[in-house]
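Please read these numbers as outputs of a predicted model, since none were measured by experiment. Just so it is clear: chains get the letters A, B, ... in the order the sequence lines come, proteins before strands, and each one is counted from 1.
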There are 2 protein chains.
Amino acid sequence: MKSGKITKRLKSETKRGYEDACGAAHGLELIGERWALLVLRELMLGPRRFSGLKADLPGISANVLTQRLGELEERGLVRRRKLPPPASVQVYEATEWGLEAEPIMQVLGKWAARSPAHDPGLPLSAVSLMLSFRTMIDASRADGVNGSFGFRLGAHHYLGRLADGRFEVERGEVGGADVIFTGQAAGLAGVVYGGAPLQTVEVEGDAALARRFLTLFPLPPKVG
Amino acid sequence: MKSGKITKRLKSETKRGYEDACGAAHGLELIGERWALLVLRELMLGPRRFSGLKADLPGISANVLTQRLGELEERGLVRRRKLPPPASVQVYEATEWGLEAEPIMQVLGKWAARSPAHDPGLPLSAVSLMLSFRTMIDASRADGVNGSFGFRLGAHHYLGRLADGRFEVERGEVGGADVIFTGQAAGLAGVVYGGAPLQTVEVEGDAALARRFLTLFPLPPKVG
DNA sequence: CGGCATCCGGGAAGATACTG
DNA sequence: CAGTATCTTCCCGGATGCCG
């Protein structure tokens, strides 16, 4: 019914903004809506498809994901791209500026890790875990520890490199890495951050280096 | 009417959370609601009263402000305190952990300042401006520039100090400062960030130092 | 199957009025 | 001044359905 009814929303005239020149306020208008920052997070290590995003954002509904992607696109944080044949699938990727939002997630995440209410037992996406390594690495502990690390987390494959106290990571095959971790992201997170036994995940390669790796990501002290 | 009606909200059973162990996701659950970060921002330079917060958050409604303050309090980011007599007024102040959220605002604000959609002509609170100085100061430009700066922005008075390339600021009387700026926060912001003529605000004291001060806060280049 | 539009129910936000 | 009460509007989340 009401077939040809013109949608009243011409351009969403009521753009619930903050009317505040403060940069932080404008930042909230850009990525402050529910789910927006987490959608962007999932794009930080490379393009993703709609269904992959939906799968790794447990609880988001398809229409909200569509809406967030559209908003992020028109704000210049996300780009829609069609992979060349034979793939020919559409993917979403972060723009350069979108990638520059990573420090926001890092600072926010580091700060929130001090919360007594933080529950590390919740699900965790593979991207989240990789980004957390980049965020939480303790440069002084990692100084002098060098090596390459492969991660097979479900269907996600990442290759990390440890050098000069920094952890770099990108999507890619894990072959030839000094250490290869295989398992679930949440499982590996439990080992690194929750003190779970190493047997929770499968480890191949240099066992001593693997054990060393797991000690490089200390959590900040809880408040209170 | 309906006086004794029991409020149905036992404990807000539907706590719309993200179900995500990622620290950033938890951060959003702590300060991700609309207005929350801006309320906290207004507390970064000392305790504030309800009416002051409402006045400096243009557009927030009283009930939303009440709700946000209550949530921030129960999460441990804000504390409610009663000033001793004869003042005897209630104020809200950030806890230690709440104060540690400042880097989030800084990173978010710096990132958003690159947005082409950012409108610097909007209203700006005095706290926002002071925090923006702390955020945007260019340490290399400020190296070797030392002095004290008073700000009389409406009823807000702040005392800043420039030393070692850093800008420190606290609430306080401006007497004896090397330079004293008097006017509206938005006006001073226009001079510092918008290239408006210095006459927009009233300046007392060391004019050369004042002119130098205004050059220490470069904006990042816009995207695109 | 992927992406998007539509409809619906509930809840959060906005505006205004009112009270101690 | 410091909120509370009420009403309306809008957004979020879930379900369904269309269409390439």
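- Contact between the side-chain N/O atoms of B/Arg49 and the OP1/OP2 oxygens of D/dA2 is found at a separation under 4.0 Å.
- Between B/Tyr92 and D/dG3 there is a side-chain N or O to OP1 or OP2 distance below 4.0 Å.
- Between A/Arg80 and C/dG3 there is no side-chain polar atom (N or O) within less than 4.0 angstrom of OP1 or OP2.
- A cation-pi arrangement is absent between A/Arg152 and A/Tyr158, since the terminal nitrogen or guanidinium carbon is not both under 6.0 Å from the aromatic centre and inside a 45° cone about the axis.
- Under the 3.5 Å distance criterion, the side-chain polar atoms of A/Thr135 are matched with a main-chain donor or acceptor of A/Leu131.
- Ion pair A/Arg41/B/Asp20 flagged as a salt bridge, since at least one NZ, NE, NH1 or NH2 atom sits closer than 4.0 Å to an Asp/Glu carboxylate oxygen.
- The shortest side-chain heavy-atom distance between A/Met44 and A/Met105 falls under the 4.5 Å cut-off.
- A/Ser61 comes within 4.0 angstrom of a nucleotide base, judged by non-hydrogen atoms across all strands.
- Atoms CH2 (A/Trp35) and P (D/dC11) sit 18 Å apart, rounded to a whole Å.
- One can place CD of A/Glu33 at 13 Å from C1' of D/dC10, the figure rounded to the nearest angstrom.
- Looking at heavy-atom distances under 4.0 Å, A/Gly70 makes no contact with the nucleic acid at all.
- Residue B/Ala62 has its side chain nearest to D/dT4 when only C/dA12, D/dT4, C/dC4 are considered.
- The base of D/dG3 does not come close enough to the side chain of B/Asn63 for any donor and acceptor atom to sit less than 3.5 Å apart.
- Remark: C1' of C/dA5 and CG of A/Leu69 are 16 Å apart, rounded to the nearest angstrom.
- Comparing D/dG14, D/dA2, C/dC4 against the side chain of B/Phe50 picks out D/dA2 as the nearest.
- OP1 or OP2 of C/dA13 lies within a sub-4.0 Å distance of a side-chain N or O belonging to B/Gln67.
- Using a 4.0 Å cut-off between charged nitrogen and carboxylate oxygen, B/Glu168 and B/Arg134 do not count as a salt-bridge pair.
- Counting to the nearest Å, the P atom of C/dA5 and the CG atom of A/Leu65 are 13 Å from each other.
- Going from atom CG of B/Leu53 over to atom P of D/dC1 covers 13 Å, rounded to whole Å.
- Between B/Tyr18 atom OH and D/dG13 atom C1' there is a gap of 13 Å when expressed in whole angstrom units.
- Going from atom CZ of A/Arg68 over to atom P of D/dG13 covers 8 Å, rounded to whole Å.
- At whole-Å resolution of the value, NZ in B/Lys54 and P in D/dC1 are 12 Å apart.
- Side-chain nitrogen and oxygen atoms of A/Arg34 include none within less than 4.0 Å of the OP1 or OP2 phosphate oxygen of C/dA12.
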